[in-house]
Peer 1: 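Structure in structure tokens, see below.
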Amino acid sequence: MTWHAAIDGQQCMASGMCAGIAPGLFVLDGPHARPLNEEIPEDEDALDAADSCPAMAILIRDGETVIGPRA
């Protein structure tokens, strides 16, 4: 199974937390971060990155279910 990652470019403040926590999944790209791929492997680092984002700009989905950030 794969998850889907998205970063809201309007919310992202390019702190680099996601790229630091999960460099194989996220990268800083100009004024904001982006996932390296929209489809990502099921990886706890992706959820940790979503949880750690100071702007809460990362959304991780498993199908239609939002699983990150965790509440």
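The basis for the numbers below is simple: all heavy atoms, side chains too, and nothing from hydrogens, waters or symmetry mates. Because the structure is predicted, anything quoted here is derived from the model rather than measured. One is the number of the first residue; the rest follow in order along the sequence.
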Peer 1: What pair of heavy atoms forms the shortest contact from C12 to I7, and how long is it?
Peer 2: CB-CG2, 3.9 Å
Peer 1: For a quick test of reading the model, state the closest non-hydrogen atom pair linking A14 to P31 and the distance between them.
Peer 2: CB-O, 3.6 Å
Peer 1: Once you round to the nearest 0.5 Å, how far does CD of E39 lie from CZ of R61?
Peer 2: 14.0 Å
Peer 1: Minimum heavy-atom separation for L36 to G24, with atom names?
Peer 2: CD1-O, 3.2 Å
Peer 1: Which distance, rounded to the nearest 0.5 Å, do you find between the CG of D43 and the OG1 of T2?
Peer 2: 12.5 Å
Peer 1: With rounding to the nearest 0.5 angstrom, report the NE2 to OG1 distance, H4 to T65.
Peer 2: 11.5 Å
Peer 1: Sub-3.5 Å donor-acceptor pair from the side chain of Q11 to the main-chain atoms of A55, do we have one?
Peer 2: yes
Peer 1: Do the side chains of E44 and R70 get close enough for a salt bridge, i.e. N-O under 4.0 angstrom?
Peer 2: yes
Peer 1: Linking I/L/V/M/F/W/Y whenever any side-chain heavy atoms sit under 4.5 Å apart, do L47 and F26 land together?
Peer 2: yes
Peer 1: List the atom of P69, the atom of A50, and the distance in Å for their closest heavy-atom pair.
Peer 2: CB-O, 3.6 Å
Peer 1: Between CD1 of I40 and CD1 of I60, what distance do you get to the nearest 0.5 Å?
Peer 2: 4.0 Å
Peer 1: List the atom of A5, the atom of P35, and the distance in Å for their closest heavy-atom pair.
Peer 2: O-CG, 3.6 Å
Peer 1: How many angstroms lie between atom CG of D45 and atom SG of C18, to the nearest 0.5 angstrom?
Peer 2: 12.0 Å
Peer 1: Any link between I67 and L25 through a network of hydrophobic side chains (Ile, Leu, Val, Met, Phe, Trp, Tyr) touching at under 4.5 Å?
Peer 2: yes
Peer 1: Measuring from I21:CD1 to S52:OG, what's the distance to the nearest 0.5 Å?
Peer 2: 3.5 Å
Peer 1: Has the side chain of D8 got a donor or acceptor atom that lies under 3.5 Å from a matching backbone atom of Q10?
Peer 2: yes
